[in-house]
Amino acid sequence: MSWQPTNIEQERLEKARRLQAQGVTLYPPRVQRTHTCAQALSALEQAEAQGQPAPSVTVAGRIRRTNLKGKLSFMHIEDESGRIQLFLRVNDMDEATYELVKDRLIDNDDFVQASGQLMRTKAGEISVAVRDFRLLAKSLSPLPVIKQQVRDDGTVIEYGEFSDTETRYRQRYADLAVNRGVREVFIKRARILRAIRDFLDGEGMLEVETPILQPLYGGAAARPFTTYHNQLKQDLYLRISFELYLKRLLVGGLDAVYEIGRDFRNEGVSWKHNPEFTMLEFYKAYTDYYGVMDITERMVSQVCQQVNGTTQIRYGEHLIDLSPPWRRVTMRQAICEHTGIDYMDYLDAASLRQAIINHMPHLSEKPKPDESWGRLVVEFLFGEGVEPHLIQPIFIMDYPREVSPFAKRVEGDDFHVERFEFYIAKMEMGNAFTELNDPLDQAQRFEEMARLYKKGDNDETPIDEDYLRAMRYGMPPNGGFGMGIDRLVMLLTDQHSIRDVLLFPHLRDQK
RNA sequence: GGCCUCGUAGCUCAAUUGGCAGAGCAGUUGACUCUUAAUCAAUUGGUUGUAGGUUCGAGUCCUACCGGGGUCACCA
């Protein structure tokens, strides 16, 4: 929809017209900034400490506050580094320029550049005593108004807020511009990604990139997005995991690889699901899921230490200690502890379902009669009975084989595979296996999955013959790992919706 | 997709049993040469998400739709 200027916007358009009439360039191409706001502040402090004269600076930024007082006016401008006050006195500057300010042709939200000597006001605030003042970019639409009071102890009290979640997500630029805390979350997100890469590089792993557009999808159970290549006349899928491509690389002799990138799953959205999300997967030859557990707890605690300066975090009401070692417990044990049911006493779906109904009367919904044994264990016993209690970091080990087609069997155990998921703050954070490298077993698992899927009304599940071919060349024993980065960011920034750690979360189209 | 809930000025929110749509901030005009949530005076601004319905009268009640949030289902 085309722009319908509001009253305030019409006023600003009129001001823009008047500025132009006075020969002011609204969007000049050049800036002469010498200092960020933060650099200017410390430049004066340094000069004062050394008994030197106050330096002259040119700062630039967005006007966030104006206080016009006749012949002496104040402004705060803000850049990414922080804020600094401008001290504008009619005697010190070109009178015509001062009039622009006084006549309010310069608005809050405009970008400006100001030059002058640094000084302190009577109240002690470091300011630029402005001699030259220029418009850098005119703002035509008003940002939401938030006033701030900075206390002596540095705490900031905000008066007014911009809190409508829908508008904040749809206009993230406005959200970022006025909500400092939002900016901090995304700055921390970038530091988390940096810290993860530093850690994995330090482990000797190689960062790689594999196809996002794939002729076959796989490696997870999720419906894919589909697309089409016009010239090749080829159906393509947006990847739902990196697994099958990364493991091909182990066949090729790259012994430890990782990828950080976007996965796409065509499923429901919720406070912890977005249709596209950032995944980390790594695969390391000559280790198993025990080795991966060691890496996992070191990685998460080290990343937290690096970005938060501690391994203790607060997530909502919970205090969580991420320092290793984390508790390791088998799924069977965890279910026994929390529900009193040992599922190995009920080895067929019908009797297990009955046991669940008998022992877990508080279930909101009873399992349907056609649920498979593996799903009863994972979704009902574990999902309902155990997961809500997992606050501190914990490895849940040894999953039922039928729900894990890429994990190696536990030796001498026909029911379980060497797989763990780790949980923090009731959230499933990641998933790992001792990876299956037996091509004949793998082919059989694919067949099993295809059968299971056909029973439900799911779309076809593709069997990746090329992946099987790769595995037949010989794949070293290895441990693999996957983790949702967005959830880790939520955890380390105390955010409780995935939308708050995505710059542009997916929303429905507006009409 | 089901259920619950919300949608009023640029932002944050009011509006009694259905009875003249309001406030603070910002905006506009004016005063002020050390303010800082500046202050003081005056003042503009509304298709109450959209479309119907009930009613003498609807922001308020009913139906549908759009959008947000929550929850359940789905997500090995």
Side-chain angles (χ1 to χ4, degrees), chain A residues 5-12 14-15 64-76 83 85-92 98 102-104 107-109 119-125 127 129 140-151 156-171 174 178 219-223 240 265-273 275 364-365 368 371-379 382-383 399-407 417 419 421 428 431 445 448-449 452-453 456-458 461 496-497 499 505 507-511:
Chain A
T6 64
N7 291 341
I8 296 177
E9 288 171 329
Q10 277 165 10
E11 282 163 5
R12 288 203 179 178
E14 174 60 18
K15 290 177 183 183
R64 296 308 306 280
R65 166 182 165 259
T66 54
N67 181 10
L68 305 181
K69 290 177 50 65
K71 300 197 170 88
L72 170 67
S73 297
F74 299 87
M75 285 180 177
H76 277 133
R83 290 186 180 200
Q85 182 166 260
L86 306 184
F87 181 91
L88 301 119
R89 207 160 57 135
V90 65
N91 317 37
D92 295 340
Y98 187 82
K102 172 111 197 303
D103 292 346
R104 296 210 166 225
D107 287 292
N108 281 335
D109 310 330
M119 57 166 285
R120 277 184 193 272
T121 61
K122 278 184 183 164
E125 178 166 354
S127 309
L140 296 179
S141 300
L143 285 169
V145 178
I146 297 182
K147 293 193 173 185
Q148 294 180 328
Q149 183 184 12
V150 182
R151 306 280 288 278
V156 176
I157 301 174
E158 291 191 340
Y159 299 86
E161 56 180 338
F162 176 44
S163 57
D164 181 76
T165 47
E166 180 176 357
T167 318
R168 284 182 46 233
Y169 296 152
R170 289 195 195 278
Q171 300 187 35
V178 302
R223 291 226 293 277
I240 58 173
R265 296 187 180 176
N266 203 341
E267 282 161 9
V269 298
S270 76
W271 65 277
K272 50 181 175 177
H273 297 87
S364 53
E365 203 160 336
K368 295 185 199 111
E371 292 287 4
S372 71
W373 187 83
R375 269 187 52 88
L376 286 171
V377 170
V378 173
E379 298 299 322
F382 182 74
Y399 278 60
R401 180 168 58 88
E402 106 186 38
V403 297
S404 312
F406 300 107
V417 293
R419 168 183 180 182
E421 290 190 349
E428 176 197 334
N431 187 12
R445 303 279 193 96
E448 266 177 47
M449 291 312 293
L452 275 176
Y453 262 72
D457 43 326
N458 295 287
T461 65
H496 297 252
S497 168
R499 299 178 195 101
L507 295 180
R508 271 195 178 82
D509 259 353
Q510 264 175 323
K511 198 177 54 154

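Protein chains get the first letters and strands the later ones, always in sequence-line order, with residue 1 at the start of each. Quick caveat: nothing in here was measured; it's all calculated off a predicted structure. These values consider heavy atoms only, across backbone and side chains, with no hydrogens, waters or symmetry-generated copies.
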A:Q85 side chain to A:T121 side chain, donor-acceptor N/O pair below 3.5 angstrom: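 A:Q85 vs A:T121: no donor-acceptor pair found between side chains.
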
Exercise: do A:R83 and A:Q148 side chains pair donor with acceptor under 3.5 Å: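 Side-chain D/A pair, A:R83 to A:Q148: present.
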
Pairwise N/O distances under 3.5 Å, protein to nucleotides 2-6 of chain B:
none

Residue matched to [N] through Watson-Crick or wobble contacts both under 3.5 angstrom:
N: B:C32; value: none
N: B:G19; value: B:C56
N: B:U48; value: none
N: B:A14; value: none
N: B:G1; value: B:C72
N: B:A38; value: none

Separation of A:M75 CE from A:N108 CG (nearest 0.5 Å):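 These two atoms lie 8.0 Å from each other.
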
Separation of A:T6 OG1 from A:L140 CG (nearest 0.5 Å):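 That separation rounds to 10.5 Å.
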
Please give the distance between the [atom1] atoms of [N] and [M] as a whole number of Å.
N: B:A23; M: B:G18; atom1: P; value: 24 Å
N: B:G70; M: B:A15; atom1: P; value: 25 Å
N: B:G24; M: B:A37; atom1: C1'; value: 12 Å
N: B:U44; M: B:A26; atom1: C1'; value: 12 Å
N: B:G19; M: B:U29; atom1: C1'; value: 36 Å
N: B:G45; M: B:C6; atom1: P; value: 31 Å
N: B:U48; M: B:G1; atom1: C1'; value: 30 Å
N: B:U5; M: B:A9; atom1: C1'; value: 24 Å

Salt bridge flag under 4.0 Å for residues A:E161 and A:R168: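 Looking at A:R168 together with A:E161, the answer is no, because their closest N to O distance does not fall below 4.0 Å.
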
A:R170 with A:E166: basic N within carboxylate O range, under 4.0 Å: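 Salt bridge flag = yes for A:E166 with A:R170.
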
Between the protein and nucleotides 29-32 of chain B, are there any N/O to N/O pairs under 3.5 Å, and if so, what are the atom names and distances?
from, atom 1, to, atom 2, distance (Å)
B:C32, N4, A:L68, O, 3.2
B:C32, N4, A:G70, N, 3.4

5′-ward residue of the pair A:V269/A:L72 relative to RNA chain B: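 Its nucleotide being nearer the 5' end, the pick is A:L72.
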
Of A:L507 and A:A123, the one whose closest RNA chain B nucleotide lies more 5':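 Here A:A123 is the residue nearer the 5' end.
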
Audit row: A:R104, A:K15, side-chain contact (heavy atoms from CB on, under 4.5 Å) steps and yes/no: CA-CA 8 Å; A:R104 296 210 166 225; A:K15 290 177 183 183; 4.3 Å; yes

Candidate nucleotides [options], ranked by approach to the side chain of [X] - the nearest:
X: A:F406; options: B:A76, B:C75, B:A26; result: B:A76
X: A:K147; options: B:G68, B:U36, B:A26; result: B:A26
X: A:E166; options: B:G27, B:U36, B:G68; result: B:G68
X: A:R419; options: B:A76, B:G68, B:U28; result: B:A76
X: A:E11; options: B:U33, B:U28, B:C34; result: B:U28

For [X] and [Y], work out which heavy atoms get closest and say how close.
X: A:G268; Y: A:H273; result: O-CB, 3.6 Å
X: A:F162; Y: A:V178; result: CD2-CG2, 3.8 Å
X: A:S404; Y: A:Y399; result: OG-CB, 3.8 Å
X: A:S141; Y: A:D109; result: O-OD2, 4.0 Å
X: A:E267; Y: A:R223; result: OE2-N, 2.8 Å
X: A:A407; Y: A:R445; result: O-NH2, 2.9 Å

Looking across every strand, which nucleic acid part, if any, lies under 4.0 Å from [X] by heavy atom: base, sugar-phosphate, or nothing?
X: A:R64; result: nothing
X: A:N91; result: base
X: A:P400; result: nothing
X: A:Y399; result: nothing
X: A:R89; result: base

Without decimals, in angstroms, what is the distance between [X] [atom1] and [N] [atom2]?
X: A:R223; N: B:A76; atom1: CZ; atom2: P; answer: 11 Å
X: A:F74; N: B:A37; atom1: CZ; atom2: P; answer: 12 Å
X: A:D109; N: B:C25; atom1: CG; atom2: C1'; answer: 14 Å
X: A:R120; N: B:U36; atom1: CZ; atom2: C1'; answer: 15 Å
X: A:L86; N: B:U36; atom1: CG; atom2: P; answer: 17 Å
X: A:Q148; N: B:A38; atom1: CD; atom2: C1'; answer: 16 Å
X: A:E379; N: B:C72; atom1: CD; atom2: P; answer: 13 Å
X: A:H273; N: B:C75; atom1: NE2; atom2: C1'; answer: 6 Å

Think [X] has a side-chain N or O under 4.0 angstrom from the OP1 or OP2 of [N]?
X: A:R499; N: B:G69; answer: yes
X: A:R65; N: B:C25; answer: no
X: A:K15; N: B:U28; answer: yes
X: A:R508; N: B:G68; answer: yes

Side chain to side chain donor-acceptor pair (under 3.5 Å) evaluation trace for A:N431 with A:R419: CA-CA 7 Å; A:N431 187 12; A:R419 168 183 180 182; 3.0 Å; yes

Name the pairs: protein N/O against N/O of nucleotides 7-12 of chain B, kept only if under 3.5 Å.
from, atom 1, to, atom 2, distance (Å)
B:C11, O2', A:E161, O, 2.4
B:U12, OP1, A:S163, N, 3.2
B:U12, OP1, A:D164, N, 2.9

A:R12 vs A:N7, side-chain contact (heavy atoms from CB on, under 4.5 Å): CA-CA, chis, key distance, verdict: CA-CA 9 Å; A:R12 288 203 179 178; A:N7 291 341; over 6 Å; no

Donor-acceptor contact present, side-chain A:T165 to main-chain A:S163, <3.5 Å: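 Absent.
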
